[in-house]
Asks: 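After the structure tokens below, expect a handful of questions from me.
Residue numbers start at 1 and run along the sequence shown. Just so it is clear, the model here is predicted, and its values are computed rather than measured. In listed order, ligands and their atoms are each counted from 1.
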Amino acid sequence: MLTTAAGPGAADLGDPHLYQSADRYRMWEELRGENRAIWTPPGTSPGGFWSVFSHQACSELLAPSSPFTSEYGMMIGFDRGRPDKAGGTMLVASEGERHNQLRRRIAPFLSRTSATSLSAFMGLEVRDILERLRDGESAPPGAGTPDGSSATGPDIASQVGSRLPAAVVCELLGIPASDRELVVDLTNHAFGGEEPAFADMDPSEAHTEILSYFMDAITRRRAEPGEDLVTALLADGYLDDGEILINCDNVLIGGNETTRHAVTGCFHALAQNPDILPALRADPALIPAAVEEILRWTSPAMHVLRVSTRPTVIAGQDVDEGVPVVAWLPAANRDPTVFPNPDELRLDRHPNRHLAFGNGLHHCLGAALARAELAVLLEALAETLDGVDLAEAPQWMSVNQVQGYRSLPVTLHWR
Ligand code: HEM
């Protein structure tokens, strides 16, 4: 447990190893108290940072009117002396008019309409993935269980989780199917933190490779326009090539690295709640409620960081100007004052004001797509599966950005 003689918060909450075990929920519960802020001294973030855990404080931190910005970066590691280079250029790290302009240009590709028109594509991908699972096909190279551990059943994290979101995001960005595994492998490395299986390439190297891939894609699209986001941003002329690059990176990482864990978490949720599949089969109108509960329960984005723009108070704590504060979204999504019996996955939870997609002006632009992916998947699972059992306990990634499944070996009971 985190509490030490020095009291709660003495540990460095940016330490990725803290998140490798499901005990993290107990840790967050203890830290949340009755809406507290906890200070992490300099360590993973050079100047230290405050953390908030309650639904109220996390909502306030991210609210449009709050005196906080993401322009210096929105992840632990924030360094006052060396602000994030993406600040003011990448959608998620921009504010004000610049953020509006970027959002207006990227939104049409990730909107509800786009999600609806991509649903047929998602359906085909899901069928293909499930057929391969049924045929017992092994995981593709590069997308496999990071530590190569053997599983007694298919490993959903590598065989489903990494595939569906990658297919969708590559379709949006005009990445050909033949390059998908390469791009997924690179994002695995870029986001793999200290995961041992990704040790053959460090995150910054993988990031450079992604950027170089997109530089080539921009050159290709300029010569041969398509119907993708890269083509649209080039035609629009508002962004230069470097800015297009960095925003494609935002969509690629935003679309892959969170959704894959929600997709994997679907199977985990079904294994722990055997009543859900029959309920969805009997009444498909329950699928949207199931999607929201799975988002709340899996909460794949683990933290977002903001920096105060003036002295303020959050969760009862005075915060000076220029100080980073982290919102722990999974902790907020299990806040019992907002979600009674928060560990239970309930199809009748209403309202369900979860913060899985954040809150305020940076609320996830891919939310409609992610919801559509989960809905299409649940519909197909209700049709094809009688049930899911865990073959082994889930293994969690050692990272602080996402609540990530390293592996989820299951036994599937086909209908
Ligand atoms: C922003 C979570 C899926 C693209 C965000 C934010 C969160 C989040 C918490 C807010 C970050 C902040 O406030 O600093 C998730 C989760 C997903 C998901 C949990 C899946 C379950 C997607 C998908 C895409 C996407 C599928 C695109 C294909 C983006 C973009 C932003 C964003 C572009 C920046 C929005 C802005 O700054 O205005 N996401 N996301 N996300 N997400 Fe997602």
Asks: Between the side chain of T298 and the main-chain N/O of A262, is any donor-acceptor distance below 3.5 Å?
Replies: no
Asks: Give yes if a backbone or side-chain nitrogen or oxygen of R306 is under 3.5 Å from a nitrogen or oxygen of ligand 1, and no if not.
Replies: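 N/O-N/O distance under 3.5 Å: yes.
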Asks: Do the charged groups of R296 and E293 touch, with an N to O distance under 4.0 Å?
Replies: yes
Asks: Which ligand 1 atoms are under 4.0 Å away from a heavy-atom of L329?
Replies: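 With L329 as reference, the close atoms of ligand 1 come out as 9 (C).
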Asks: Starting from atom 33 (C) of ligand 1, find the nearest protein heavy-atom neighbour and note its residue, name and distance.
Replies: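 For atom 33 (C) of ligand 1, the nearest protein heavy atom is L91 CD2, 3.7 Å.
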Asks: Flag the pair R127 and E383 as a salt bridge only when some basic side-chain nitrogen lies within less than 4.0 angstrom of an acidic carboxylate oxygen.
Replies: yes
Asks: Only heavy atoms count here, so choose which of L361, I253, V304, L252 is nearest to atom 11 (C) of ligand 1.
Replies: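 Nearest heavy atom to atom 11 (C) of ligand 1 lies in V304.
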Asks: Side chains of E292 and H354, heavy atoms from C-beta outward: is any pair under 4.5 Å?
Replies: yes
Asks: For atom 4 (C) of ligand 1, what is the nearest protein heavy atom, given as residue, atom name and distance?
Replies: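 The closest heavy atom on the protein side is G366 N, 3.8 Å.
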Asks: Check whether more than 12 heavy atoms from other residues, nucleotides or ligands sit under 6.0 Å from atom CD of E243, and answer yes or no.
Replies: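 Yes, the 6.0 Å shell around CD holds more than 12 heavy atoms from other groups.
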Asks: Against heavy atoms of A356, which atoms of ligand 1 measure under 4.0 Å?
Replies: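 The atoms of ligand 1 under 4.0 Å from a heavy atom of A356 are 2 (C), 9 (C), 19 (C).
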Asks: Have S59 and N359 got a donor and an acceptor in their side chains that come within less than 3.5 Å?
Replies: no
Asks: Show which atoms of ligand 1 fall inside a sub-4.0 Å distance from at least one heavy-atom site of G358.
Replies: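 Selected atoms, number and element: 9 (C).
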Asks: May I ask you to say whether R132 pairs ionically with D128, meaning some side-chain N is under 4.0 Å from a carboxylate O?
Replies: yes
Asks: Between F339 and W297, is the ring pair (Phe, Tyr, Trp, His ring centres under 6.0 Å) condition met? List the steps.
Replies: CA-CA 11 Å; F339 305 104; W297 192 77; over 10 Å; no
Asks: Should the proximity of M74 to ligand 1, defined as any heavy atom under 4.0 Å, be assigned to the side chain, the backbone, both, or neither?
Replies: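 The side chain, only.
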Asks: Does G254 reach ligand 1 with a nitrogen or oxygen that is under 3.5 Å from one of the ligand's nitrogen or oxygen atoms?
Replies: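 Yes - when backbone and side-chain N and O of G254 are compared with those of ligand 1, one distance drops under 3.5 Å.
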Asks: Got a donor-acceptor contact below 3.5 angstrom from the N333 side chain to the L355 backbone?
Replies: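 Present.
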Asks: Measure the distance from atom 23 (C) of ligand 1 to every protein heavy atom, then report the residue, atom name and distance (to 0.1 Å) of the closest one.
Replies: G255 CA, 3.3 Å
Asks: Please check: side-chain N/O of R406 versus main-chain N/O of Q395, any donor-acceptor pairing under 3.5 Å?
Replies: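 Flag not set: sc R406 to bb Q395 has no pair under 3.5 Å.
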Asks: Please write down residue, atom name and distance for the protein heavy atom closest to atom 6 (C) of ligand 1.
Replies: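 For this ligand atom, the closest protein heavy atom is F357 O, 3.8 Å.
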Asks: Could you work out, for atom 39 (N) of ligand 1, the closest of C364, S94, A368 by heavy-atom distance?
Replies: C364
Asks: Do me a favour and list the nearest non-hydrogen protein atom to atom 37 (O) of ligand 1 with residue, atom name and distance?
Replies: H362 ND1, 2.6 Å
Asks: Return yes or no for this condition: an N or O of N250 is under 3.5 Å from an N or O of ligand 1.
Replies: no
Asks: Pick one of side chain, backbone, both or neither for how I106 approaches ligand 1, counting any non-hydrogen atom pair under 4.0 Å.
Replies: neither
Asks: Heavy-atom contacts with R103 under 4.0 Å: which atoms of ligand 1 show up? List them by number with element.
Replies: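 With R103 as reference, the close atoms of ligand 1 come out as 35 (C), 36 (C), 38 (O).
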Asks: Which is closest to atom 16 (C) of ligand 1 in terms of heavy atoms, L229, T298, T258?
Replies: T258
Asks: For G14, is there any backbone N or O sitting under 3.5 Å from a side-chain donor or acceptor partner on N400?
Replies: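 Yes, because the side chain of N400 sits within donor-acceptor range (under 3.5 Å) of the backbone of G14.
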Asks: Any heavy atom of V168 closer to ligand 1 than 4.0 angstrom?
Replies: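 No, that is not the case, since the closest heavy atom of the residue is not under 4.0 Å from the ligand.
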Asks: Looking only at protein heavy atoms, which one is nearest to atom 31 (C) of ligand 1, and how far off is it?
Replies: L365 N, 4.0 Å
Asks: I need the atoms of ligand 1 closer than 4.0 Å to a non-hydrogen atom of L295, numbered in the order shown.
Replies: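 That gives atoms 21 (C) of ligand 1.
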Asks: Side chains of Q159 and R163: do they bring a donor and an acceptor to under 3.5 Å?
Replies: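 On atom types as modelled, these side chains do not qualify, holding no pair under 3.5 Å.
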Asks: Taking N or O atoms only and a 3.5 Å limit, does T259 qualify as a polar contact for ligand 1?
Replies: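 No; every N/O pair is 3.5 Å or more apart.
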Asks: Does some side-chain heavy atom of D228 sit less than 4.5 Å from a side-chain heavy atom of L173?
Replies: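 Not touching, per the 4.5 Å side-chain cut-off.
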Asks: Is the side chain of D155 donor-acceptor paired with the backbone N or O of S407 at a distance under 3.5 Å, no angle test?
Replies: no
Asks: Between ligand 1 and P300, can you find any atom pair, the residue atom being a heavy atom, that is separated by under 4.0 Å?
Replies: yes
Asks: For H99, is at least one N or O under 3.5 Å away from an N or O on ligand 1?
Replies: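 Yes.
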